[in-house]
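Single-structure report; data block below.
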Protein chains: 2
Amino acid sequence: MTQKIDFLSKNQQIVLEIIEKAKEPLKAYSILFSVQKKGIKGPPQVYRALDRLIKLGKIHKIESKNAFVACKNDNCTISNATAFSICDNCEMVTEISNPKLSKYLTNFQDETGMRYNKYNLEFFGLCKKCKK
Amino acid sequence: MTQKIDFLSKNQQIVLEIIEKAKEPLKAYSILFSVQKKGIKGPPQVYRALDRLIKLGKIHKIESKNAFVACKNDNCTISNATAFSICDNCEMVTEISNPKLSKYLTNFQDETGMRYNKYNLEFFGLCKKCKK
DNA sequence: TTGAAATATGTTATATTATAACAAAGCGTA
DNA sequence: TACGCTTTGTTATAATATAACATATTTCAA
Ligand SMILES: [Zn+2]
Ligand SMILES: [Zn+2]
Ligand SMILES: [Zn+2]
Ligand SMILES: [Zn+2]
């Protein structure tokens, strides 16, 4: 019996590929325009693929930008614990992969002792290039 | 010479008041519908007020929900460092005010030594009520 | 006091992001 | 085969946000 965990459908492969190739976060409709030549016709196909890829941890959504980036963590099995740095000037986005940070946040308890099973953290500042 | 830092215009006051009264995050268009009786006619007025209130730290945007909450930190002068807990079930949102956490994140440096002047953190889980 | 600059508001239209609803096709397997 | 399940296709529309430009109000210095 074969595992289906990693199976990607045709549309999902197409969408993943274009996001992986991109150097910057992609918007859903810019993905749509790019893949129309490959036969994907409408928003639903794109959004379905995005939803699935997010669940699989292959991509992440940058909430403050409504844009999508490929996971750089060697296929994030921890898509429930994400952190990014975002340049205010050039909009470059980098996925932060810092064990100490993720440990700190995963173990974080609030005043009431509540713990959480998921978080998303977005840092903003100027990237090296833009700081010069 | 009077300070203008805290001055709110009429529309800004109206929008802030309704967000402060609400027990849950409000969407921009639900704010619009509520304030139409007070003379605010269109989306631009609402979005302008929201933008201003965010800059002043009076409200925050919950990015994962496209919704807005009043600051509970006694008027957050640190609107550049925000953290929230969000219930996956009832969608309740609570602003986290934890000095250790904010210190940790404000001082965080990534691998390249880069530091950030702003962050937004959203935790997800089940609130006390929903956990029962 | 007056008039230019800055800020706030009003108004219409439109852009952008995302989902609903339902039909059809493909695939695994009993 | 025929049934359930997943994926895809298609049309329409909902929800979120901004552009562009006109008007009004406030500020403040000449
Ligand atoms: Zn990742
Ligand atoms: Zn940059
Ligand atoms: Zn606050
Ligand atoms: Zn709850």
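A donor-acceptor pair shorter than 3.5 Å cannot be found between the side chains of N11(B) and S9(B).
Considering only side-chain N and O atoms, S9(A) lies under 4.0 angstrom from the phosphate OP1 or OP2 of dT8(D). For the OP1/OP2 pair of dT9(C) and a distance below 4.0 Å, the side-chain nitrogens and oxygens of Q45(B) include no atom meeting the criterion. Within the 4.0 Å cut-off from OP1 or OP2 of dG10(C), not a single side-chain nitrogen or oxygen of K41(B) is found.
One can place CG of L32(B) at 15 Å from C1' of dA14(D), the figure rounded to the nearest angstrom. dA8(C) atom P lies 11 Å from atom NZ of K55(B), rounded to whole Å. One atom, CG of N11(B), and another, P of dT26(D), lie 13 Å apart when rounded to the nearest Å. The CG-P distance, from L26(A) to dT16(C), rounds to 16 Å in whole Å. We find that CD1 of I14(A) is positioned 15 Å from P of dT7(D), with the value rounded to whole Å. The CG-C1' distance, from L50(A) to dT8(D), rounds to 15 Å in whole Å. Taking atom CG of residue L53(B) and atom C1' of nucleotide dA8(C), one finds them 13 Å apart after rounding to whole Å.
Using cut-offs of 30° and 60° for the angle between ring planes, the F123(B) and Y119(A) rings count as perpendicular. Between Y104(A) and F108(A), the two ring planes are tilted [angle within 30° to 60°].
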Could you write out each protein N or O paired with an N or O of nucleotides 16-21 of chain D at a distance under 3.5 Å?
from    : atom 1 : to     : atom 2 : distance (Å)
dT16(D) : OP1    : K27(B) : NZ     : 2.6
dA17(D) : OP1    : K61(B) : NZ     : 2.7
dA17(D) : OP1    : N66(B) : OD1    : 3.4
dA17(D) : OP2    : Y47(B) : OH     : 3.1
dA17(D) : N7     : Y29(B) : OH     : 2.9
dA17(D) : N6     : Y29(B) : OH     : 3.1
dA20(D) : N6     : R48(B) : NH2    : 3.4

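Taking the side chain as every heavy atom from C-beta outward, E63(A) and E122(A) approach each other to under 4.5 Å. Here the side chains of I31(B) and L50(B) are in contact, with some heavy-atom distance below 4.5 Å.
Counting non-hydrogen atoms of other residues, nucleotides and ligands closer than 6.0 Å to NZ of K131(A) gives a total above 12.
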